[in-house]
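Just follow the structure's listing: the first ligand is 1, and inside any ligand the first atom is 1. In this chain, residues are counted from 1 in sequence order. Nothing here was measured: the structure is a model prediction, and the numbers come from that model.
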Amino acid sequence: MAYWRWESSYSVGIAVIDNQHKRIIEYINELNNALAFKTEDKVHDIILQLVEYTVSHFSFEERLMQEAGYPMLQPHKDVHNAFIERINFFKERFENGEDITKQLMLDLQMWLINHIQHDDTDYKEIVQNMLKKREIAPNEGSIKNKWLKNLVNKFFK
Ligand SMILES: [Fe+2]
């Protein structure tokens, strides 16, 4: 059973972003499973993937905000960078043999809910408008637009 489920209240009204947030939640669930079965290599593996994915997601989000001319881009970037430092510190502690996984999961969960519902919601309208100008429906599940497709491919390898 999933430890944590995505809820509609987490939606920022932009499907491509919601899907990335859902993927982060999935990583946290995978981490929870690996932890339950005490497979340390797997835990390490997922932590590395989670960090990498989160960094890509932040860069992607920043690129959309930049494209939209979001005035609070720099403060939002600062929040992302501070969080990257924080999860990298967790990663280091794990690699030094500290048992931080549970703490990392709780921290990520709390941070994400708060960040999604406040900071991310703040760029919703301006990014939605930018997408609409490019003839992209913000709630479009599969990405058909070439520009957006390229952008996703650029940040997620
Ligand atoms: Fe964000």
Would you say Glu61 reaches the Fe ion (ligand 1) with an N/O/S atom under 2.8 Å?
-> yes
For the Fe ion (ligand 1), find the closest N/O/S atom belonging to His76 and write down its atom name.
-> NE2
The Fe ion (ligand 1) to Asp120: nearest N/O/S atom name | OD1
Are His76 and His115 side-chain neighbours, meaning at least one heavy-atom pair lies under 4.5 Å?
-> yes
Just checking, any donor-acceptor pair under 3.5 angstrom between side chains of Tyr123 and Glu61?
-> yes
Restricting to pairs with a member in residues 95-111, which pass salt bridge (charged side-chain N to carboxylate O under 4.0 Å, His left out), not counting sequence neighbours?
-> Arg86-Asp107, Arg93-Glu98
Answer yes or no for Glu62: is there an N/O/S atom below the 2.8 Å cut-off from the Fe ion (ligand 1)?
-> no
Could you tell me if the ring centre of His44 sits under 6.0 Å from that of Phe94?
-> yes
